Novice: 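Okay, handing you the structure first.
These numbers come from a predicted model, not from an experiment. The chain is numbered in sequence order, starting from 1.
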Amino acid sequence: MTLINAVPQRQGAVGPRSAELPDGCLALAELAGHVLGRPVHHVRQTREVSEVDHGVASRAVLTGPNRAAQLAALEAPGGPVLTIGGDCGVELVPIGVARFRYGPGLGVAWFDAHPDLNTASTSPSGAFHGMVLRSLFGEGDPDFAADPALVPGNVALLGTRVFDPEERAAVSRGLAVTSVDALAVEKLYVHVDLDVLDPAEFPGLNYPEPDGWTIARLVSELDALSDYEVVGAGITECVGTAREVEVLEPVLAAIGRLLGH
């Protein structure tokens with residue numbers, strides 16, 4: 001039975017709307033609970049920020065209280081978990097836990113305008129949400145690097161359209177693929193950063209990028225994953241209001257179908 005964790009972290013992002021992430025998380029989590037008919041567990045996250053350290057903004061907060069609260073919430077979930085962020089950095093813990101539990105055959109479908117494959121030394125902003133997938137491969141800052149790590153080639157970037165040079169290099173050397181058909185995995189985690197959508201489709205995006213997908217396209221792509229055993233999912237980077245997030249009901253329903261498959 002699916003557990004919904006609302007993780008209103010904002011310190012992994014540094015953009016002009018990052019302070020709106022906690023409220024966006026709560027609005028989306030409330031809708032998810034309604035659509036999926038499940039209670040929502042609120043994982044306490046501080047709203048304080050801390051200084052840039054070793055190239056990572058709010059590093060002390062991210063590696064301290066926020067992470068501890070997420071780990072505690074995942075000690076005994078008893079079923080698939082839907083994590084509602086917050087910034088993309090919230091995915092470090094649930095994907096890391098899934099990799100530990102399900103082994104090297106775990107794959108990830110990464111729906112995101114950005115590949116999030118920077119390191120602290122290559123990030124143009126110092127925001128951890130642009131480093132989280134690289135960390136899940138066990139690379140970059142050792143305090144974030146996953147162990148065990150995702151296996152190179154077991155992540156598919158979907159709807160991704162904005163790459164920094166280091167991120168292109170990481171894909172070129174095989175960390176990630178660009179098609180689900182290229183995955184050879186046993187179980188799948190589904191990550192959805194809402195900026196995979198076009199801003200005209202949904203305005204409540206923390207880091208909007210042009211030329212994104214429609215909601216109908218995203219739902220179709222999610223439904224196409226029904227042959228996989230989906231063991232967890234996350235939806236991140238929402239700064240929408242309670243009224244704005246209502247258009248995302250079909251996305252939440254599609255994820256619910258995958259988690260209940």
Novice: Give me the one residue out of Leu82, Leu74, Val90 that meets side-chain contact (heavy atoms from CB on, under 4.5 Å) with Asn5.
Specialist: Leu74
Novice: Any sub-3.5 Å donor-acceptor pair from Tyr189's side-chain atoms to Ala233's backbone N or O?
Specialist: yes
Novice: Taking all non-hydrogen atoms of both residues into account, name the closest pair between Gln70 and Pro94 and its distance.
Specialist: NE2-CD, 3.6 Å
Novice: Hey, does Tyr228 have a side-chain heavy atom less than 4.5 Å from the side chain of Val185?
Specialist: yes
Novice: Any side-chain heavy-atom pair from Leu197 and Thr214 closer than 4.5 angstrom?
Specialist: no
Novice: When you measure from the side chain of Thr122 to the backbone N and O of Thr119, does any donor-acceptor pair fall under 3.5 Å?
Specialist: yes
Novice: Locate the shortest heavy-atom distance separating Asn154 from Pro104; write the atom from each residue and the value.
Specialist: ND2-O, 3.0 Å
Novice: In the single-linkage hydrophobic clustering (I, L, V, M, F, W, Y; side-chain heavy atoms under 4.5 Å), do Leu136 and Val81 co-cluster?
Specialist: no
Novice: If we only count heavy atoms from C-beta on, is the Val14 to Ser125 side-chain gap below 4.5 Å?
Specialist: yes
Novice: Taking the side chain as C-beta and beyond, is there a heavy-atom pair between Leu92 and Ser135 under 4.5 Å?
Specialist: yes
Novice: For the pair Glu20 and Asn206, evaluate side chain to side chain contact (heavy atoms under 4.5 Å, CB included) and give the outcome as yes or no after the intermediate values.
Specialist: CA-CA 8 Å; Glu20 300 173 53; Asn206 179 47; over 6 Å; no
Novice: Check the pair His129, Glu237 against side chain to side chain contact (heavy atoms under 4.5 Å, CB included), reporting the backbone distance first and the verdict last.
Specialist: CA-CA 9 Å; His129 69 171; Glu237 302 283 338; 2.9 Å; yes
Novice: Provide the closest heavy-atom pair for Cys238 versus Phe202 in the form atom of the first, atom of the second, distance.
Specialist: SG-CZ, 4.1 Å
Novice: Could you tell me whether a side-chain N or O of Ser58 sits under 3.5 Å from a main-chain N or O of Val49, the two making a donor and an acceptor?
Specialist: no
Novice: Roughly how far apart are Leu205 CG and Glu244 CD, rounded to 0.5 Å?
Specialist: 9.5 Å
Novice: Taking side-chain contact (heavy atoms from CB on, under 4.5 Å) as the criterion, tell me which of Leu222, Ile235, Val231 meets it with Val190.
Specialist: Leu222
Novice: Could you check whether any side-chain N or O of Ser172 sits under 3.5 Å from a backbone N or O of Arg168, counting only pairs where one atom can act as donor and the other as acceptor?
Specialist: yes
Novice: Is there a side chain to side chain contact (heavy atoms under 4.5 Å, CB included) between His42 and Leu26? Walk through the geometry before answering.
Specialist: CA-CA 9 Å; His42 293 269; Leu26 298 180; 3.6 Å; yes
Novice: Considering only heavy atoms from C-beta outward, does the side chain of Leu31 approach that of Glu249 to under 4.5 Å?
Specialist: yes
Novice: Does Glu139 pair with Arg173 as a salt bridge, N-O distance under 4.0 Å?
Specialist: yes
Novice: Under 4.5 Å between side-chain heavy atoms, counting indirect links through other Ile/Leu/Val/Met/Phe/Trp/Tyr residues: same cluster for Leu150 and Phe128 or not?
Specialist: yes
Novice: With side chains defined as the heavy atoms from C-beta onward, is the minimum distance between Val155 and Phe137 less than 4.5 Å?
Specialist: yes
Novice: So, His191 versus Phe111, ring centres under 6.0 angstrom or not?
Specialist: no
Novice: Do Ile84 and Ile4 come close enough that some side-chain heavy atom pair is under 4.5 Å?
Specialist: yes
Novice: Nearest 0.5 Å please: distance from the CG atom of Asp53 over to the CG atom of Leu62.
Specialist: 11.0 Å
Novice: Measuring from Trp110:CH2 to Leu157:CG, what's the distance to the nearest 0.5 Å?
Specialist: 9.0 Å
Novice: Does Arg134 make a cation-pi contact with Phe144 (under 6.0 Å, within 45 degrees of the axis)?
Specialist: no
Novice: Using a 3.5 Å distance criterion without hydrogens, assess whether the side chain of Arg38 forms a donor-acceptor pair with backbone atoms of Thr2.
Specialist: yes
Novice: Taking Asp198 for its side chain and Trp213 for its backbone only, find out whether a donor-acceptor pair lies under 3.5 Å.
Specialist: no
Novice: When you measure from the side chain of Glu167 to the backbone of Leu117, do you find a donor-acceptor pair of N or O atoms at a distance under 3.5 Å?
Specialist: yes
Novice: Taking all atoms of both residues into account, what is the closest heavy-atom pair of Pro65 and Ala60, and its distance?
Specialist: CD-O, 4.0 Å
Novice: Looking at Arg17 and Gly204, would you say the former's side chain and the latter's main chain have a donor-acceptor pair under 3.5 Å?
Specialist: no
Novice: So how far is it from Asp116 CG to Glu91 CD, rounded to the nearest 0.5 Å?
Specialist: 10.0 Å
Novice: Thinking salt bridges, do Arg47 and Asp23 make one under a 4.0 Å N-O criterion?
Specialist: yes
Novice: Salt bridge between Arg257 and Asp223, side-chain N to carboxylate O under 4.0 Å?
Specialist: yes
Novice: With a 6.0 Å cut-off (strictly less than), is the heavy-atom count around CD of Glu30, excluding the residue itself, greater than 12?
Specialist: no
Novice: Could you walk me through whether Glu201 and Leu218 satisfy the side chain to side chain contact (heavy atoms under 4.5 Å, CB included) test, starting with their C-alpha distance in whole Å, then the side-chain angles of each, then the deciding distance to 0.1 Å, before giving a yes or no?
Specialist: CA-CA 11 Å; Glu201 279 285 285; Leu218 176 56; over 6 Å; no
Novice: Under 4.5 Å between any side-chain heavy atoms of Leu188 and Glu229, yes or no?
Specialist: no
Novice: Kindly work out whether a path of hydrophobic side-chain contacts (I/L/V/M/F/W/Y, heavy atoms less than 4.5 Å apart) joins Tyr102 to Leu133.
Specialist: yes
Novice: Mind listing the closest non-hydrogen atom pair of Ala127 and Ser123 along with its distance?
Specialist: N-OG, 3.9 Å
Novice: Would a distance-only check, ignoring hydrogens and angles, find a side-chain to backbone donor-acceptor pair under 3.5 Å from Gln45 to Asn66?
Specialist: yes
Novice: To the nearest 0.5 Å, how far apart are CG in Leu158 and CG in Asp193?
Specialist: 12.5 Å
Novice: Is Arg99 reaching over with its side chain to a backbone N or O of Pro148, donor-acceptor style, under 3.5 angstrom?
Specialist: no
Novice: Kindly determine whether Asp87 and Gln9 satisfy side-chain hydrogen bond (donor to acceptor under 3.5 Å, both in side chains), including the steps that lead there.
Specialist: CA-CA 6 Å; Asp87 62 72; Gln9 176 176 285; 3.0 Å; yes
Novice: Do Val219 and Val245 belong to the same hydrophobic cluster, where Ile, Leu, Val, Met, Phe, Trp and Tyr are linked whenever their side-chain heavy atoms lie under 4.5 Å apart, directly or via other members?
Specialist: yes
Novice: Between Asp164, Asp195, Thr160, which is the residue that forms a side chain to side chain donor-acceptor pair (under 3.5 Å) with His114?
Specialist: Asp195
Novice: Calculate, to the nearest 0.5 Å, the distance between atoms CG and SG belonging to Leu21 and Cys88 respectively.
Specialist: 9.5 Å
Novice: Please check if Leu106 and Val132 belong to a single hydrophobic cluster, counting links between Ile, Leu, Val, Met, Phe, Trp and Tyr side chain heavy atoms closer than 4.5 Å.
Specialist: yes
Novice: Of all the heavy-atom pairs spanning Leu36 and Gly256, show the shortest one and how long it is.
Specialist: CD2-CA, 3.6 Å
